[in-house]
Amino acid sequence: MQMASAVTFRARLLGWAARRFAGKSGSMSFAGTLSMLSDSSLFPLFRNGLDPVAEIGALREQSPVSRLPVPLGIRAWLVTGYEPVRAVLGSTDGFSNDFGRFAARIGLEAGQQPGGLGMADPPMHTRLRRMIMPEFTMHRLARLQPRIEAIVADRLDAMSRTAGPVDLWQEFALPVPALTICELLGVPYADRELVQRVSTARFDLGDGAYAPLDAINESRAYLRDLVADQRRKPGDGLIGSLIRDHGDELDDQELAGLADGVLTGGLETSASMLALGALVLMTQPELAEPLRAGGPADALVEELLRYLTVVQVAFPRFAVRDLEVAGVPIRAGDVVMCSLSAADRDEVLGPGMDQIDAGRRTSRSHLAFGHGLHRCVGAELARMELRIAYPALVRRFPAMRPAIDPASLPMRRASIVFGLESLPVTLD
Ligand code: HEM
């Protein structure tokens with residue numbers, strides 16, 4: 001197993017916790033709890049290059065539902081097989097996502113629920129999800145397509161003006177989804193530089209695990225101000241339509257929270273897919289050829305989503321009653337972690353799942369966007385971004401290649417969202 005040092009991966013995990021939970025009460029206690037996890041609990045988050053570590057593949061073959069050692073007397077399970085993961089995520093009455101139910105067991109107060117759609121149960125989840133879904137229909141997203149094309153073209157122009165190696169992560173992978181989410185939310189043009197700056201700063205762990213906190217707080221303060229402005233004059237995007245259609249059901253805090261959930265859910269995930277996908281296209285150039293020749297990107301995008309499965313584990317699920325998963329008895333109150341990255345390499349999907357095959361035919365869909373009630377609301381938007389960005393990138397810079405040995409690129413090895421910390425490339 002290739003592992004980053006214990007200190008590094010814990011710092012990264014804490015960085016993730018800080019990004020996801022900062023500003024919510026109890027965030028640091030939650031991060032503190034995560035810091036108690038040992039290597040043997042965190043191994044589902046490690047990778048060997050782009051692959052999940054061999055141990056997780058072996059576990060999937062031998063015991064696809066197995067105990068995960070965690071402290072504080074918590075009974076936790078790791079699910080690695082495709083079918084059992086689908087069964088857990090698809091269960092409508094066996095599991096809860098409500099962190100509040102579980103908080104007391106790990107020493108957090110009930111009020112310390114980190115919040116967001118991903119950790120809510122029906123009926124609250126249903127109510128909030130219904131409010132934001134209209135903005136994610138194909139019809140509404142079509143409005144964004146020309147904007148995403150313009151954002152991508154603009155970033156490619158900016159890159160071409162840079163002398164010497166360019167950091168594709170900072171200059172392309174992060175700004176494209178950050179600016180796309182600005183379009184989605186309805187952030188005015190004058191403020192986009194600020195959003196882009198704080199979005200990038202969220203991932204800057206250079207000064208330690210808690211360094212992104214300032215950026216996150218700045219971004220949340222900005223969203224609260226934006227919501228207050230749009231109360232007076234609702235704009236065109238998601239915030240404006242939430243105010244128009246549900247303004248009397250949601251206070252400013254809830255509205256800013258929903259906007260922040262969309263930013264948090266859609267930024268790091270899409271940015272990681274853009275950067276890692278670009279790396280794959282550079283190191284396996286035969287995959288980029290059809291795109292350069294003007295071919296469609298859809299099948300390749302699906303295969304990259306499956307192969308990379310950047311959201312490595314789904315939100316924790318808490319068993320609400322005694323039940324069985326793949327014949328393994330789970331007790332009420334047990335925590336179940338689903339490894340999406342392991343499930344998406346399961347051979348029940350077909351042979352050779354550790355390789356990328358853009359011509360692959362499979363009747364079962366990958367789990368990169370999850371499954372069931374909490375399946376990603378932004379899946380179609382993410383697909384649209386990737387289908388526009390990859391072809392534009394490989395057509396504009398056909399000779400682009402990593403500026404350093406790909407084996408020494410800084411990969412995050414213990415982060416819920418797998419990715420790179422930078423991607424220096426040479427353009428010609
Ligand atoms: C390639 C990019 C993306 C990937 C791989 C991804 C992956 C996921 C996954 C796996 C889940 C489900 C987690 C679970 O069941 O525990 C999820 C949920 C979610 N995603 Fe995404 N996502 C991406 C892009 C986006 C975008 C662009 C947005 C919004 C702009 C977004 C917003 C959300 C939200 C709000 C949820 C929570 C849904 C719920 O709980 O009902 N995601 N995402």
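Note that ligands are numbered from 1 as they come in the structure, with each ligand's atoms numbered from 1 the same way. Keep in mind it's a predicted model, so treat the numbers as computed, not measured.
- Remark: among candidates A314, A382, G265, the nearest residue to atom 25 (C) of ligand 1 is G265, based on non-hydrogen atoms.
- The protein non-hydrogen atom at the shortest distance from atom 28 (C) of ligand 1 is G266 CA, 3.4 Å.
- From the protein, the heavy atom lying nearest to atom 1 (C) of ligand 1 is M273 CG, 3.5 Å.
- Ranking the protein heavy atoms by distance from atom 13 (C) of ligand 1 puts F315 CD1, 3.9 Å first.
- Numbered from 1 in the order shown, with element, the atoms of ligand 1 that lie under 4.0 Å from a heavy atom of R129 read 38 (C), 39 (C), 41 (O).
- Judged by the 6.0 Å and 45° rule, R383 forms no cation-pi pair with F369.
- Every atom of ligand 1 is numbered from 1 in the order shown, and the set under 4.0 Å from a heavy atom of L340 is 10 (C).
- In this structure, atom 35 (C) of ligand 1 lies nearest to the protein heavy atom V377 CG2, 3.4 Å.
- D121 and S96 form a side-chain donor-acceptor contact under 3.5 Å, judged by distance and modelled atom types alone.
- Inter-residue side-chain proximity for S272 and L274 is flagged as unmet; no heavy-atom pair is nearer than 4.5 Å.
- Considering only non-hydrogen protein atoms, atom 30 (C) of ligand 1 sits nearest to V262 CG1, 3.5 Å.
- Looking at H371 next to ligand 1, no N or O pair under 3.5 Å apart turns up.
- On a distance-only criterion, R317 and ligand 1 share at least one N/O pair closer than 3.5 Å.
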Original post:
Between L117 and I132, does a side-chain contact (heavy atoms from CB on, under 4.5 Å) hold up when you go through it step by step?
Top reply: CA-CA 10 Å; L117 269 185; I132 66 168; 3.8 Å; yes
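- Short contacts between ligand 1 and G118, defined as distances under 4.0 Å to a heavy atom of the residue, involve ligand atoms 40 (O).
- Judged by distance alone, with hydrogens and angles left aside, the side-chain atoms of R306 form no donor-acceptor pair with the main-chain N or O of S365 at under 3.5 Å.
- Salt-bridge annotation for D322 and R331: absent, with no side-chain N of the basic residue lying under 4.0 Å from a carboxylate O of the acidic one.
- Counting only heavy atoms of the protein, atom 5 (C) of ligand 1 lies nearest to A368 O, 3.6 Å.
- No hydrogens or angles considered: a donor-acceptor pair under 3.5 Å links the side chains of Y222 and D191.
- The backbone N or O of D251 lies less than 3.5 Å from a partner atom in the side chain of E254, making a donor-acceptor pair.
- Closest protein heavy atom to atom 11 (C) of ligand 1: F369 O, 3.8 Å.
- In this structure, N97 and H125 have side chains that are not in contact, with every pair of non-hydrogen atoms separated by 4.5 Å or more.
- Under 4.0 Å from ligand 1, the heavy atoms of V311 that appear belong solely to its side chain.
- Judged by the 6.0 Å distance and 45° axis criteria, R412 is not positioned over the aromatic ring of F418.
- Residue contacts with ligand 1: S270 is placed with no nitrogen or oxygen under 3.5 Å of a nitrogen or oxygen of the ligand (distance criterion only).
- In the model, S339 has no side-chain atom that pairs as donor or acceptor with a side-chain atom of Q312 under 3.5 Å.
- Closest to atom 21 (Fe) of ligand 1 by heavy atom, among G370, C376, P177, is C376.
- The heavy atom nearest to atom 3 (C) of ligand 1, out of those in T269, L267, L263, is found in T269.
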**OP:** Just do the side-chain contact (heavy atoms from CB on, under 4.5 Å) check on L263 and S219 with the steps written out, would you?
**Re:** CA-CA 10 Å; L263 184 67; S219 131; 3.8 Å; yes
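- At the top of the distance list for atom 40 (O) of ligand 1, counting protein heavy atoms only, stands H374 ND1, 2.7 Å.
- Of the polar atoms of H125, at least one N or O is found under 3.5 Å from an N or O of ligand 1, judged by distance alone.
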